[in-house]
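Below: one structure, written as structure tokens.
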Amino acid sequence: MTTNKKTLSKERIIGFLWQHFMLLISLTIMTLGVALCVRSDLGSSVISSCPLAFTIAGQENMVPSLSLGTYTNILNILLVVGQVIVLRRKFQPIQLLQLVIGIVFGALIDMNMALTANIIPANLTHKIITQLAGCTVMAIGIAFEVRCGSITMPGEGLPIAISRVTGRPFARVKIFIDITLVVLAVTSCYIFFGEWKWNVVGVGTLLAMIYVGMAVKFASNHIAWFDRLLGYRPGFRRYLYGLARYIRRN
């Protein structure tokens with residue numbers, strides 16, 4: 001009985017670590033999409049629009065000069081604080097782990113921004129291709145992230161909280177939150193620069209709002225293989241045993 005408990009506990013630990021390793025891969029793919037959308041110069045994704053406005057303002061010494069990932073971290077913190085305010089005593093402390101996921105998300109954005117630094121679209125066609133690629137890659141990452149079934153991202157956590165309290169459908173609340181973030185980004189542009197910055201909120205942002213959801217739905221119907229991969233339990237002892245047996249046999 002004790003041995004079975006130890007085995008079960010070990011399997012749970014391995015499963016937990018593997019699940020979050022796959023989550024890390026999913027977030028890496030998602031943030032690569034975010035970086036490509038920014039590089040397209042046609043408008044960033046919704047979640048990065050307001051942080052991008054502050055990042056550009058920081059480069060002109062209007063606000064603290066922080067990276068896009070750092071300003072995204074600040075936004076994620078505010079989104080979690082919003083959940084605490086909305087849910088109050090119903091807020092579950094475990095959901096504070098969203099902050100950890102949010103910080104990792106911000107760090108990965110900075111990493112992918114560095115990796116894509118040489119991507120400078122030369123003309124409108126290249127910009128459109130870059131934007132479409134970014135939205136598609138981001139959608140694939142989101143589809144993977146949802147399948148991982150781990151802690152909710154702050155960007156989804158606040159709409160879930162509001163939906164739970166008000167009884168409104170999650171999809172409608174999510175659209176409202178996305179529009180609010182875009183409006184805040186546009187407002188920030190006018191406050192900092194006195195004009196609408198189309199590379200912050202542009203046609204690419206509108207495309208991301210419409211296309212990404214459709215692409216996530218399509219991708220989710222074609223990643224059954226990811227479920228099998230997610231259910232995989234890595235264990236090196238059996239591979240070492242098999243290798244030793246192979247060597248002995250030969």
Side-chain angles (χ1 to χ4, degrees), residues 16 19-20 22-24 26-27 30-31 33-34 37 43-54 68-109 135 138-139 141-189 191 200-201 205-221 230:
F16 176 84
Q19 176 192 22
H20 287 81
M22 296 308 297
L23 175 63
L24 180 63
S26 303
L27 293 178
M30 192 191 313
T31 51
V34 171
C37 288
S44 64
S45 62
V46 173
I47 194 64
S48 61
S49 58
C50 206
L52 182 58
F54 275 79
L68 178 60
T70 302
Y71 273 118
T72 302
N73 288 340
I74 294 173
L75 175 60
N76 284 330
I77 291 171
L78 293 175
L79 291 173
V80 174
V81 170
Q83 294 175 51
V84 175
I85 294 173
V86 170
L87 293 174
R88 298 182 181 181
R89 294 182 179 179
K90 293 181 180 179
F91 181 83
Q92 298 175 337
I94 188 70
Q95 293 302 324
L96 289 175
L97 289 176
Q98 290 182 39
L99 294 174
V100 177
I101 302 297
I103 290 172
V104 172
F105 186 78
L108 290 173
I109 285 180
C135 288
M138 183 165 52
I142 292 172
F144 288 164
E145 181 254 330
V146 171
R147 291 296 181 94
C148 287
S150 184
I151 297 296
T152 306
M153 289 285 294
E156 280 72 50
L158 182 57
I160 289 173
I162 295 174
S163 176
R164 179 180 171 187
V165 171
T166 63
R168 300 287 180 86
F170 168 78
R172 290 185 182 179
V173 177
K174 175 65 172 151
I175 291 173
F176 172 77
I177 295 296
D178 286 350
I179 292 175
T180 300
L181 291 176
V182 170
V183 169
L184 288 174
V186 173
T187 303
S188 299
C189 288
I191 291 173
V200 175
V201 178
T205 308
L206 180 61
L207 174 66
M209 292 178 70
I210 299 172
Y211 173 75
V212 171
M214 297 169 58
V216 169
K217 186 176 181 179
F218 177 83
S220 297
N221 293 329
L230 193 60

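Predicted, not measured: the structure shown is a model, and the values here were computed from it. FYI, the numbering just counts along the sequence from 1.
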Taking side chain to side chain donor-acceptor pair (under 3.5 Å) as the cut-off, I'd like each qualifying pair that reaches into residues 93-102, sequence neighbours left out, listed once.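 Passing the test, one end in residues 93-102: Q83-Q98, Q95-Q98.
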Side chain to side chain donor-acceptor pair (under 3.5 Å) partners of residues 158-182, not counting sequence neighbours, each pair once: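 Listed by first then second residue: E156-K174, K174-D178.
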Consider side-chain contact (heavy atoms from CB on, under 4.5 Å). Of C135, C37, S45, which one does V212 pass it with?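 Of all the options given, the one that passes is C135.
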For residues 80-102, which residue pairs qualify under salt bridge (charged side-chain N to carboxylate O under 4.0 Å, His left out), counting only residues two or more places apart or in two chains?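 Sorted result for residues 80-102: empty, none.
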With the side chain counted from C-beta on, respond yes when [X] and [Y] share a heavy-atom pair under 4.5 Å apart, and no when they do not.
X: F91; Y: V86; answer: no
X: V80; Y: P154; answer: yes
X: L23; Y: I101; answer: yes

More than 12 non-hydrogen atoms from neighbouring residues, nucleotides or ligands closer than 6.0 Å to CZ on F170, yes or no?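 Enclosed.
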Taking atom [atom1] of [X] and atom [atom2] of [Y], what is their separation to the nearest 0.5 Å?
X: E145; Y: M30; atom1: CD; atom2: CE; result: 4.5 Å
X: I142; Y: L27; atom1: CD1; atom2: CG; result: 10.5 Å
X: I77; Y: L99; atom1: CD1; atom2: CG; result: 6.0 Å
X: I47; Y: L75; atom1: CD1; atom2: CG; result: 5.0 Å
X: I179; Y: M209; atom1: CD1; atom2: CE; result: 5.0 Å
X: T72; Y: L108; atom1: OG1; atom2: CG; result: 11.0 Å

Pairing residues for S26 by the side-chain hydrogen bond (donor to acceptor under 3.5 Å, both in side chains) criterion, not counting sequence neighbours: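 Testing S26 for side-chain hydrogen bond (donor to acceptor under 3.5 Å, both in side chains), a comparison that skips the adjacent residues, returns none.
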Contacts of Y71 that satisfy ring-ring contact (aromatic ring centres under 6.0 Å, His included) - sequence neighbours left out: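 Partners of Y71 by the ring-ring contact (aromatic ring centres under 6.0 Å, His included) criterion, ordered by chain and then number, come out as F54.
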Sequence neighbours left out, what passes ring-ring contact (aromatic ring centres under 6.0 Å, His included) with F218? Give chain and number order.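 By the ring-ring contact (aromatic ring centres under 6.0 Å, His included) rule, F218 matches H222.
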Work out which heavy atom in [X] is nearest to a heavy atom in [Y]; give both atom names and the distance.
X: C50; Y: L181; result: CB-O, 4.4 Å
X: N73; Y: G106; result: OD1-CA, 3.3 Å
X: S49; Y: V182; result: OG-CA, 4.3 Å

Can you tell me if T205 uses its side chain to pair, donor with acceptor, with the backbone of S44 under 3.5 Å?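 At least one qualifying donor-acceptor pair exists.
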